[in-house]
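These notes are about the structure you will find just below.
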Amino acid sequence: MSRKILVIDDDRDLRDFLQQALSAAGFQVETVDRGAIGLQTLLLEKYDLALIDINMPEISGPNICRALRKHDNTKNLPVVMVTATFHSPEQISAAKNDYGVDDFLLKPFNGEDLQKLLERIFLPNKTAKDTTPEIQLLSDYTIPLQLQQLYREKATGLLHLIRGGAKKVIYIKEGYPVFARSNVLSECLGRMLVNEGVITQVDCDQSVEKSEESGRLQGTVLIEMGLLTPQEVQSALVRQVTEKLLSTFAWRDGTSQFVPAKDFKQNITRIKLTPAALIMQGINRYWPPKQLDEFLYPFNKTYLKQASNPQYRFQDIELNKRGAAIFKKCLGVETLEQILLQHPLAKREIQKILTALMISEMLERSAIPDPIATEELSGQAGPEIIDEKLRHKILDDYQRIMACDYFEALGLKRQCGSGDARKSYYRLAKEYHPDRFLGSGLSNEMSQKINEMFQYITQAYTVLSDSDSCGGYLDELVNGPKKSIDINQVIEAETSYQKGQALLQVRNFSAAAKAFQRAIKLSPDESEYMTFFAWSLFKSAPEKIPIQNQAMEVLLASREINPSFDLTHLYLAQVYQSQGQERQAEKSFEMAVQANPDCTEALRKLRLISLRREQEPQSRGLFSKFMKKKK
């Protein structure tokens, strides 16, 4: 007899999707749209699993779960919360203790995510066995190939690398390497700065001693010693992390193990390089001629062509002028060997460029020449720096594109050829490729909109470039309901956010908090909304402990979503100070400076803390001397 599942969710589309997907997998599925009805149904009937939206009307998901745990017939029922808010391992553990949830299903999810959830619930032993991370032996080409594989899979987790006594951990976020840890002493911040001639060995030793005494970060100590500016420390930290990662390209032996995870520690110095750019830099710096020859030899007779998939073709690899010219020539009409013969004096440089382009899958290989030379497009635009103007542009583009049919999204007339679709698609794919916005400081919410637009125009091209599917789609537009995506919530959320900013400027904190709270309700994953709501709430009644605690909880959640927003750390530090938690406040001020070296308020607060600390030992010394005299 098949297992029975109850879905409790007020989102009709999500209920329909879960019912279809779970029924197709052989489960008996029932759905309800209200929390109270769902709880009553679970208490009266027998089920094998309950999937509950965490934010339900009448009674919330956690309260439903608490009620279930009080009854003998449901106290052991597996319960999964469906939520759009990421929960760290610590938060999941706390939730299990608080209201007894068994697992979380993070929105948006797909069929594969659902399958993994069901395996965790119903086949825990099998899941544990199947998901044991595999340990691989390193070879000459392992590191760049593995980085590209993780980018292709959009993986998140930790890549553990070991060679002899050296151990490194590469943090991967949705396919992008963002951070690296190392136990190699020469890669410590102080050692690196000494080797670069930025500070002396004496300076390094003194900063290490002060850091150990106070428990502060070495970068903060170097700033207080007047040796570096905040901007120079931030730049050095990025160089340090990048070098830890790039130096692994020189490893020819050892082991690697990738451990998947939903997320990891947020307070890290993140690099802003794409996997393709890291591969290019690593090969350029650490691959010797023999390694290049051995890698390229099997492909000498193959024809090289720019990738047909824009996700790979338009990656930001940071090519120099010669590299861009070489990439432009790869149209599928010349072999690798022929390209190299044209540049005898620059053979090694060209080898490195082609190797990086091939490993990053920006080039495709073929045994026969391409009869149609690929049209070359204009150069890529550089990434934009995130600001209010860019925020509005993304929202406007999102509103326009997602509300269009496929023809309108690509800017085409309904009577168009596949060539027209290709030209338009490649132009738009370059404009909205996620790599373009990597260094723009986008929040998760805004990045998701970029990804949705990129996927939507890709789907539009897939349909319109094929005559059969294009005809069927056109018929659906004419005779059936036109595609409609409701984005009113997105626009209304942004309007509430702007209203909150205006109220915050005039110090109407209570009204500002209400406006930001409305924005969060409409767009719950936008971290900036959360940060300004928490700050407005705190400023409305800074002396009230419940308000302090609520503001802190929201700020911590916002930090989990987007740790690169300096104001989140700054406001959290000031809440900590209001509660007398000076050490936590100091750490948050330091993180604000790491996120933005120009955060003057955080720097001012750190200087005040340092001045107070310098005065404290003197007071203790005088008191000690006084007590000795009395004896």
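FYI, the numbering just counts along the sequence from 1.
- Remark: the backbone N or O of Phe327 is paired with a side-chain donor or acceptor of Gln306 at under 3.5 angstrom.
- Residue pairs meeting the salt bridge (Lys or Arg N to Asp or Glu O under 4.0 Å) criterion with at least one member in residues 145-167, sequence neighbours excluded, are Arg152-Glu361.
- The two residues Gln218 and Gly190 have their closest heavy-atom pair at OE1-N, 3.6 Å.
- A cation-pi arrangement is absent between Lys605 and Phe589 under the rule of less than 6.0 angstrom and at most 45 degrees off the ring axis.
- The OG1 atom of Thr355 lies 11.0 Å from the CD1 atom of Ile279; values are rounded to the nearest 0.5 Å.
- At least one side-chain heavy atom of Leu158 sits under 4.5 Å from a side-chain heavy atom of Tyr171.
- Considering every non-hydrogen atom in both Cys330 and Leu354, the closest pair reads SG-CD2, 4.3 Å.
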From CA spacing to verdict: side-chain contact (heavy atoms from CB on, under 4.5 Å), Tyr456, Tyr398: CA-CA 10 Å; Tyr456 186 66; Tyr398 181 82; over 6 Å; no

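- No donor-acceptor distance shorter than 3.5 angstrom exists from the side chain of Arg348 to the backbone of Leu345, with no hydrogens or angles considered.
- Between the Ser558 side chain and the Met530 main chain, no donor and acceptor come within less than 3.5 Å of each other.
- We find the CZ-CD1 distance between Phe258 and Ile170 to be 11.5 Å, quoted to the nearest 0.5 Å.
- Under the ring pair (Phe, Tyr, Trp, His ring centres under 6.0 Å) criterion, Phe295 pairs with Tyr141, Trp287, Phe299, sequence neighbours left out.
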Between Gln234 and Val238, does the side-chain contact (heavy atoms from CB on, under 4.5 Å) criterion hold? Intermediate values first, please. CA-CA 6 Å; Gln234 179 66 13; Val238 172; 4.1 Å; yes

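- Remark: the backbone N or O of Lys244 is paired with a side-chain donor or acceptor of Ser247 at under 3.5 angstrom.
- Two residues are said to be in side-chain contact when any heavy atoms from C-beta on lie closer than 4.5 Å; Gln351 and Asp293 meet this criterion.
- Side-chain atoms of Leu570 and Asn596, non-hydrogen and from C-beta on, never get closer than 4.5 Å to each other.
- Contact of the Tyr286 side chain with the Trp251 side chain is not registered, since no non-hydrogen atoms from C-beta on lie closer than 4.5 Å.
- Considering CD1 of Ile317 and CG of Leu278, their distance stands at 10.5 Å, rounded to 0.5 Å.
- A side-chain donor-acceptor contact under 3.5 Å links Asn183 to the backbone of Gly165.
- Counted by atom type alone, Arg583 and Tyr576 present zero donor-acceptor pairs between their side chains at under 3.5 Å.
- Between Ser182 and the choices Glu187, Lys168, Glu243, the side chain to side chain donor-acceptor pair (under 3.5 Å) rule is met once, by Glu187.
- Here NZ of Lys210 is found 8.5 Å from OG of Ser610. Values are rounded to the nearest 0.5 Å.
- With no hydrogens or angles considered, no side-chain donor-acceptor pair links Glu526 and Asn562 at under 3.5 Å.
- Here the side chains of Leu555 and Thr531 are in contact, with some heavy-atom distance below 4.5 Å.
- For the residue pair Arg239/Ser235, the side-chain donor-acceptor check at 3.5 Å is satisfied.
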Please assess Tyr425 against Tyr461 for the test ring-ring contact (aromatic ring centres under 6.0 Å, His included), listing each intermediate value before the final yes or no. CA-CA 6 Å; Tyr425 170 57; Tyr461 170 67; 4.5 Å; yes

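- Using modelled atom types, one finds no donor on one side chain facing an acceptor on the other under 3.5 Å when comparing Gln315 with Ser360.
- Val593 and Leu606 get closest at one heavy-atom pair: CG2-CD1, 3.9 Å.
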Show your reasoning for whether side-chain contact (heavy atoms from CB on, under 4.5 Å) applies to Phe532 and Leu567. CA-CA 9 Å; Phe532 285 112; Leu567 293 183; 3.8 Å; yes

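- No side-chain donor from either of Glu601 and Gln574 sits under 3.5 Å from a side-chain acceptor of the other.
- Scanning both residues, Val184 and Ala166, for their nearest heavy atoms gives CG2-CB, 4.0 Å.
- Using a 4.5 Å heavy-atom threshold, the side chains of Glu560 and Leu556 count as separate.
- Checked by atom type and distance alone, the side chain of Thr156 pairs as donor or acceptor with a backbone atom of Glu174 at under 3.5 Å.
- Summarising the geometry, atom CD belonging to Glu334 is positioned 4.5 Å from atom CD belonging to Gln342; distances are rounded to the nearest 0.5 Å.
- From Leu304, atom CG reaches atom CE of Met358 across 6.0 Å, with rounding to the nearest 0.5 Å.
- Each of Met192, Gln594, Glu232 was checked for a side chain to side chain contact (heavy atoms under 4.5 Å, CB included) with Leu237, and the lone residue meeting it is Gln594.
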Test side-chain hydrogen bond (donor to acceptor under 3.5 Å, both in side chains) on Gln136 and Thr142; report intermediate values, then the result. CA-CA 9 Å; Gln136 301 178 1; Thr142 301; over 6 Å; no

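- Taking every heavy atom of both residues into account, Leu222 and Ser207 meet most closely at CD2-CB, 3.7 Å.
- Between Phe249 and Leu147, some side-chain heavy-atom pair lies under the 4.5 Å cut-off.
- For the residue pair Gln115/Glu119, the side-chain donor-acceptor check at 3.5 Å is satisfied.
- Taking both residues in full, the closest heavy atoms of Leu603 and Pro597 are given as CD1-O, 3.7 Å, listed atom of the first, atom of the second, then distance.
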Check against side-chain contact (heavy atoms from CB on, under 4.5 Å), Met591 and Leu572: CA-CA 10 Å; Met591 295 310 303; Leu572 182 60; over 6 Å; no

Apply side-chain hydrogen bond (donor to acceptor under 3.5 Å, both in side chains) to residues Thr220 and Glu590 and explain how you reach the verdict. CA-CA 7 Å; Thr220 303; Glu590 289 176 345; 3.2 Å; yes

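- No side-chain heavy atom of Leu145 sits less than 4.5 Å from a side-chain heavy atom of Gln148.
- The main-chain N or O of Glu364 is never found under 3.5 Å from a side-chain atom of Lys305 such that the two would form a donor-acceptor pair.
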